[in-house]
Amino acid sequence: MFESAEIGHVIDKSTYKAEEAALREALLDVQYELKQRGEFPLLLLLHGMDGAGRGETLSQINEWLDPRLIHTAAFDKPNDDARERPWMWRYWRELPAKGRIGMFFGSYYSDALFDRVDGKSNRDAFDKQLFDILRFERMLANDGVLVLKFWLHLTEDKQKKRLKTLEKDPATAWRVSQADWQHHQQYKRIRDNAEHMMRLTNTAYAPWLVVDGEDANYRSLTVGRALLQALQQRLALDHAWQARSDVAAITPPADNKLLLESLQLDQTLSKGDYQRQLEALQGRLNGLTRHPKFAEHSLVLAFEGNDAAGKGGAIRRITQALDARRYRIVPVAAPTEEERAQPWLWRFWRHVPGKGKVTIFDRSWYGRVLVERVEGFASTADWMRGYYEINDFEHQLRDNNAIVLKFWLAISADEQLTRFKSREETGFKRFKITEEDWRNRDKWDDYKVAVCDMIDRTSTSAVPWTLVPANNKYYARIKILTTICEALEAKLGA
């Protein structure tokens, strides 16, 4: 994998100067076209051997391009915020928006590679991280992100020579650290594990390009040409980027019997019994979120359901039991302009809670396979792959010790109509009813099918759906609080 980068590539100064101006002009042209069209972002990852010129290359690209349209992020060891969340969280937060170029100096590959090199992970854990990366890059590519990955390479002897040269010159000695020499001592281990890493993650949608890093002229022209070619090819497409759908088709049940139709929506619970149980459950929930072991976990609650099913009321009964410093409610509506410029899950990743905290989503990422499907806001390929991407997202949360609970609050069409009319007739409830609610009601059957498909494809043993019959609001609230308390008790051993 590295052989071609070890034969001594050199570009003489005159050749470099002759090509540099034209390359810079062409790169600026495609950068401004990228911004003007605003159809996709470019994510560029810079990795390689110490001393191979990663810093110089990053600076060169910033010099050649308009730096106002570039977002550069350098990653070191994760800080406390990052350690409290899934390991990919900090990379999601730095993704470039459509029309922009993002450059990662170090990235998720650094985490995986050096955990392995330093003996913090075995081969199985290393491979698991690499498959996490594969799924992440596949999702980015499906959302239209153009991903370029560079490995700037040096042989062991050339790396040693390069480090000594830098260290000898007082003007550059600061660029050589003890970590550089430590990595030189680990050269073979880094090379072998990097080769394994690149072999598993070299894909058509996010390929690796290995570049000889010894000669600065060769390195700069090679990276610049690759960047230019990739942008020109994508911008030359006569249609918007379309992801390939490789998800199995949904086959409706032969007898047309749907899961939601089996729910007994009319459950009984008196107001007196409700108030007694509510007080006890709220006290129980408060105690569980103060339990010492909860500091090792987070709690993620996702609420979905028919319009007017009582999601807001259920959420209020939960937050009444929580310390205001420990929870956050995220109301989810149509994506903002900023959110539309990012991969679709970005707006949910940014709200992932840290350890000891609670995040409540009033509507959630399931809009991808519900409203976006039914209303035609997402293509079939996009919402179909949404099931896979949602399951992956939720399992990453679980792997980081998050307790993830998701609720579907179901009411009958007659009960919904009664609640709609009550909202219209009650002044302080009028804000709860909109024209969109009435339009959604006209598509009741379409939503019912979409909900059943959603449950079938995303209710997993690790993160199952809780279906809540909600014609009786008292019953629904008690069921939700009971489910949360029982899940916390099971996880905390309380």
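Remark: side-chain polar atoms of Ser459 are paired, donor with acceptor, to backbone N or O of Trp465 under 3.5 angstrom. For the pair Asn472 (side chain) and Asp266 (backbone), a donor-acceptor distance under 3.5 Å is absent. Checking side-chain atoms of Thr289 against main-chain N and O of Leu285 turns up a donor-acceptor pair under 3.5 Å. Lys406 places a side-chain N or O within 3.5 Å of a backbone atom of Val463 that can act as its donor or acceptor partner. The closest donor-acceptor contact from the side chain of Arg83 to the backbone of Pro78 lies under 3.5 Å. Under a 3.5 Å cut-off, the side chain of Lys311 and the backbone N or O of Asn306 do form a donor-acceptor pair. Using modelled atom types, no side-chain atom of Ser110 and backbone atom of Gly106 make a donor-acceptor pair closer than 3.5 Å. Side chain of Thr426 to main chain of Arg423: no donor-acceptor pair is present (N/O by atom type, distance under 3.5 Å, no hydrogens or angles).
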Handout entry: Residues His196, Leu200; criterion side-chain contact (heavy atoms from CB on, under 4.5 Å); working and verdict
Key = CA-CA 6 Å; His196 177 76; Leu200 290 187; 3.5 Å; yes
Exercise for the section: Go through Glu33 and Arg37 one step at a time and tell me if the salt bridge (charged side-chain N to carboxylate O under 4.0 Å, His left out) criterion holds. Expected result: CA-CA 6 Å; Glu33 185 178 354; Arg37 290 170 57 170; 2.9 Å; yes
Exercise for the section: Please lay out, stage by stage, how Asp143 and Arg385 fare under the test salt bridge (charged side-chain N to carboxylate O under 4.0 Å, His left out). Expected result: CA-CA 11 Å; Asp143 260 342; Arg385 65 182 171 87; 2.9 Å; yes
Exercise for the section: Any chance you could lay out the salt bridge (charged side-chain N to carboxylate O under 4.0 Å, His left out) test for Glu375 and Arg439, step after step, and finish with the verdict? Expected result: CA-CA 10 Å; Glu375 303 296 338; Arg439 287 196 301 271; over 6 Å; no
Exercise for the section: For side chain to side chain donor-acceptor pair (under 3.5 Å), just list the numbers for Glu424 and Trp438, CA-CA rounded to whole Å, side-chain angles, deciding distance to a tenth of an Å, and then say yes or no. Expected result: CA-CA 12 Å; Glu424 285 189 328; Trp438 287 106; 3.2 Å; yes
Exercise for the section: Report the C-alpha separation of His47 and Arg54 in whole Å, then their side-chain angles, then the decisive distance to 0.1 Å, and conclude whether the side chain to side chain donor-acceptor pair (under 3.5 Å) test is met. Expected result: CA-CA 7 Å; His47 290 274; Arg54 286 174 297 154; 5.4 Å; no
Exercise for the section: Carefully, step by step, assess Arg138 and Tyr205 under the rule side chain to side chain donor-acceptor pair (under 3.5 Å). Expected result: CA-CA 7 Å; Arg138 177 187 178 192; Tyr205 50 81; 5.6 Å; no
Practice task
Kindly indicate, with the supporting measurements, whether the criterion salt bridge (charged side-chain N to carboxylate O under 4.0 Å, His left out) is fulfilled by Arg347 and Glu338.
Solution key: CA-CA 9 Å; Arg347 64 178 178 146; Glu338 179 190 21; over 6 Å; no
Problem - Test log, rule side-chain contact (heavy atoms from CB on, under 4.5 Å), inputs Tyr327 and Thr319 - result: CA-CA 8 Å; Tyr327 76 85; Thr319 58; 3.5 Å; yes
Exercise for the section: Go through the steps for Ile315 and Ile329 under the test side-chain contact (heavy atoms from CB on, under 4.5 Å), then give the verdict. Expected result: CA-CA 9 Å; Ile315 290 170; Ile329 299 174; 3.8 Å; yes
Practice task
Go through the steps for Arg441 and Gln416 under the test side chain to side chain donor-acceptor pair (under 3.5 Å), then give the verdict.
Solution key: CA-CA 9 Å; Arg441 182 173 167 81; Gln416 185 186 66; 3.0 Å; yes
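A distance of 10.5 Å separates CH2 of Trp92 from CH2 of Trp346, quoted to the nearest 0.5 Å. Taken to the nearest 0.5 Å, the CD1 atom of Ile190 stands 9.0 Å off from the CG atom of Asn193. Residue Leu299 holds its CG atom at 8.5 Å from CD1 of Ile318, rounded to the nearest 0.5 Å. Atom CZ of Phe348 is separated from atom CD1 of Ile390 by 8.5 Å, given to the nearest 0.5 angstrom. Gln282 CD to Cys485 SG: the interatomic distance, rounded to the nearest 0.5 Å, is 9.5 Å. One distance of note links OG of Ser364 with CG of Leu301; it measures 11.0 Å at 0.5 Å rounding.
A salt bridge links Arg325 to Asp323: one of the charged nitrogens lies within less than 4.0 Å of a carboxylate oxygen. Arg363 and Glu304 are joined by a salt bridge, as a carboxylate oxygen and a charged side-chain nitrogen come within less than 4.0 angstrom of each other. By the 4.0 Å N-to-carboxylate-O rule, Arg234 lies too far from Glu39 to be salt-bridged with it. Salt bridge status for Asp192 with Arg189: absent, with no side-chain N to carboxylate O gap under 4.0 Å.
Remark: the Glu389 side chain and the Trp344 side chain contain an N/O donor-acceptor pair separated by less than 3.5 Å. Gln396 and Asn400 form no side-chain donor-acceptor contact under 3.5 Å, judged by distance and modelled atom types alone. With 3.5 Å as the limit, one finds no donor-acceptor pair spanning the side chains of Trp408 and Thr466. Looking only at atom types and distance, the side chain of Thr201 has no donor-acceptor partner in the side chain of Glu137 under 3.5 Å away. When only modelled atom types and interatomic distance are considered, Tyr274 and Lys473 share no side-chain donor-acceptor pair under 3.5 Å. Side-chain contact of Arg290 with Asn286: a donor-acceptor pair under 3.5 Å is present, judged by distance alone.
Two residues are said to be in side-chain contact when any heavy atoms from C-beta on lie closer than 4.5 Å; Leu405 and Ile480 fail this criterion. Taking 4.5 Å as the limit, every side-chain heavy atom of Arg317 sits out of range of all side-chain heavy atoms of Leu281. Residues Cys452 and Ile455 form no side-chain contact, since every pair of their non-hydrogen atoms from C-beta on lies 4.5 Å or further apart.
Proximity of the aromatic rings of Trp383 and Tyr366 is defined here by a centroid distance below 6.0 angstrom, and this criterion is not met. The distance between the ring centers of Phe361 and Phe303 does not fall below 6.0 angstrom. In this structure, Trp349 has its ring center closer than 6.0 angstrom to the ring center of Phe393. Taking the six-membered ring for Trp and the full ring otherwise, the centers of Tyr109 and Phe104 sit at least 6.0 Å from each other.
Heavy-atom minimum distance, Ile70 versus Ile61: CD1-O, 4.3 Å. Contact between Asp399 and Lys128 at its shortest, heavy atoms only, is OD2-NZ, 3.6 Å. Closest of all the heavy-atom pairs between Gln31 and Asp66 is OE1-N, 2.8 Å. For the residue pair Arg368 and Asp382, the shortest heavy atom distance occurs at NH2-CB, 3.5 Å. Scanning both residues, Arg419 and Ala470, for their nearest heavy atoms gives NH2-O, 2.9 Å. Smallest separation of non-hydrogen atoms from Trp87 and Gln129: CZ2-O, 3.8 Å.
Residue pairs meeting the salt bridge (charged side-chain N to carboxylate O under 4.0 Å, His left out) criterion with at least one member in residues 99-122, sequence neighbours excluded: Arg90-Asp111.
Counting heavy atoms of neighbouring residues, nucleotides and ligands inside a 6.0 Å radius, atom CD of Glu436 does not exceed 12 of them. Within a 6.0 Å radius of NZ in Lys35, other residues, nucleotides and ligands contribute 12 heavy atoms or fewer.
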